[in-house]
Amino acid sequence: MRIRTAAPAVLAATALSAALLAASPASAASHQGGLHLGYIQYDSPGRDTRSNASLNAEWVNIHNNTRSPIQLKGYKLKDNTGYTYTFGSYKIGAGKTVKVRTGKGTNASGVRYWGRGSYVWNNTGDKARLVKPSGSLQDSCSWSRTGSGHVSCH
């Protein structure tokens with residue numbers, strides 16, 4: 001008899017756990033192939049002034065957690081609106097991270113600049129996608145509301 005009365009409580013706890021997980025502000029696809037989205041600063045700190053400094057305070061980290069370098073030429077970073085950054089020839093080292101900043105700047109090791117004059121990532125919800133040169137999805141990460149202005153996609 002006790003087993004039957006415990007079953008509804010277990011089901012309710014399981015449903016509550018699933019609901020809490022579904023309500024999380026960010027979700028990430030499985031990290032395929034070792035290359036994945038890491039940390040995203042989708043809301044530039046301070047006022048959104050569209051200054052280059054403010055635009056560059058909005059960024060996405062892409063991490064290579066393999067033991068080999070990966071050539072990113074042809075990989076794309078996209079948002080829900082369709083804004084797209086396409087990597088030129090750039091090799092990300094094993095265990096390294098590259099930061100893609102929204103504004104303008106000089107590309108260097110570990111940092112790439114999108115070159116935009118306006119923001120890409122929506123503060124109220126968006127989805128970052130890392131797309132392979134073949135067009136298939138490598139990884140994605142989404143958020144659904146404002147909060148701290150950043151999300152960890154791990």
Side-chain angles (χ1 to χ4, degrees), residues 14-15 17-154:
T14 302
S17 296
L20 289 172
L21 288 173
S24 67
S27 64
S30 62
H31 299 310
Q32 303 169 14
L35 186 67
H36 63 270
L37 298 167
Y39 194 82
I40 299 175
Q41 180 70 44
Y42 60 83
D43 186 5
S44 177
R47 290 187 46 227
D48 289 346
T49 62
R50 280 188 154 182
S51 70
N52 195 53
S54 180
L55 290 167
N56 281 331
E58 179 184 84
W59 45 264
V60 173
N61 277 348
I62 299 170
H63 184 69
N64 174 6
N65 68 354
T66 72
R67 295 183 180 166
S68 302
I70 297 174
Q71 176 55 253
L72 294 181
K73 185 174 185 177
Y75 274 82
K76 296 178 185 319
L77 184 59
K78 296 179 150 192
D79 79 333
N80 275 342
T81 307
Y83 293 125
T84 303
Y85 173 82
T86 303
F87 278 90
S89 183
Y90 180 79
K91 193 175 282 189
I92 183 172
K96 299 295 182 182
T97 298
V98 61
K99 183 175 286 188
V100 179
R101 294 185 179 273
T102 299
K104 298 175 176 113
T106 303
N107 290 335
S109 180
V111 65
R112 290 292 182 253
Y113 292 88
W114 201 313
R116 293 189 45 83
S118 59
Y119 300 98
V120 171
W121 308 108
N122 294 321
N123 298 348
T124 56
D126 210 337
K127 184 174 188 177
R129 294 171 184 81
L130 182 60
V131 180
K132 295 177 184 180
S134 66
S136 63
L137 183 66
Q138 175 70 31
D139 195 13
S140 66
C141 182
S142 61
W143 54 97
S144 60
R145 65 182 188 279
T146 57
S148 57
H150 61 270
V151 62
S152 177
C153 302
H154 292 280

Exercise for review: Sequence neighbours left out, what passes side chain to side chain contact (heavy atoms under 4.5 Å, CB included) with Ser134? Give chain and number order.
Suggested key: Lys132, Ser136
Exercise for review: Apply side chain to side chain contact (heavy atoms under 4.5 Å, CB included) to the pair Asp139 and Cys153, showing each step before the final yes or no.
Suggested key: CA-CA 10 Å; Asp139 195 13; Cys153 302; 5.5 Å; no
Review point. Looking at residues at least two apart in the chain, or sitting in another chain, which of them share a ring-ring contact (aromatic ring centres under 6.0 Å, His included) with Tyr39?
Key: Trp59, His150
Exercise for review: Classify the angle between the aromatic ring planes of Tyr42 and Trp143 as parallel (below 30°), tilted (30 to 60°) or perpendicular (above 60°).
Suggested key: parallel
Review point. Taking only residues at least two apart or on different chains, which pairs with a member in residues 97-113 satisfy side chain to side chain donor-acceptor pair (under 3.5 Å)?
Key: Glu58-Thr102, His63-Thr97
Point to revise | Ser68: side chain to side chain donor-acceptor pair (under 3.5 Å) partners, not counting sequence neighbours | key: none
Check your understanding: So which heavy atom on Arg116 is nearest to which on Tyr119, and how close?
Key -> NH2-O, 4.0 Å
Check your understanding: Counting distance only, does the side-chain N/O of Thr66 pair as donor-acceptor with the main-chain N or O of Asn64 below 3.5 Å?
Key -> no
Point to revise | Interatomic distance, Leu137 atom CG to Lys78 atom NZ [nearest 0.5 angstrom] | key: 10.0 Å
Exercise for review: Quick one: list whatever passes side chain to side chain donor-acceptor pair (under 3.5 Å) with Arg129, sequence neighbours left out.
Suggested key: Asn80
Review point. Looking at OG of Ser118 and CG of Leu55, how far apart are the two atoms once the value is rounded to the nearest 0.5 Å?
Key: 7.0 Å
Exercise for review: Could you tell me the separation between the CG atom of Leu77 and the CD1 atom of Ile62, rounded to the nearest 0.5 Å?
Suggested key: 5.0 Å
**Study point:** Rounded distance [0.5 Å steps], OG in Ser152 versus CG in Asn61
**Key:** 10.0 Å
Review point. Is any side-chain heavy atom of Val120 less than 4.5 Å from a side-chain heavy atom of Asp126?
Key: no
Review point. Do you know which two heavy atoms are closest between Thr49 and Ser54, and how far apart they sit?
Key: OG1-CB, 3.6 Å
Table please: side-chain donor-acceptor pairs of residues 85-96 below 3.5 Å, with sequence neighbours left out.
{"from": "Thr86", "atom 1": "OG1", "to": "Lys76", "atom 2": "NZ", "distance (Å)": "3.3"}
{"from": "Tyr90", "atom 1": "OH", "to": "Gly110", "atom 2": "N", "distance (Å)": "2.9"}

Practice item. Say whether, by atom type as modelled, one donor and one acceptor occur between the side chain of Asn122 and the main chain of Thr124 under 3.5 angstrom. Key: no
Review point. Say you draw a straight line from CH2 of Trp121 to CD1 of Ile40; how long is it, rounded to the nearest 0.5 Å?
Key: 6.0 Å
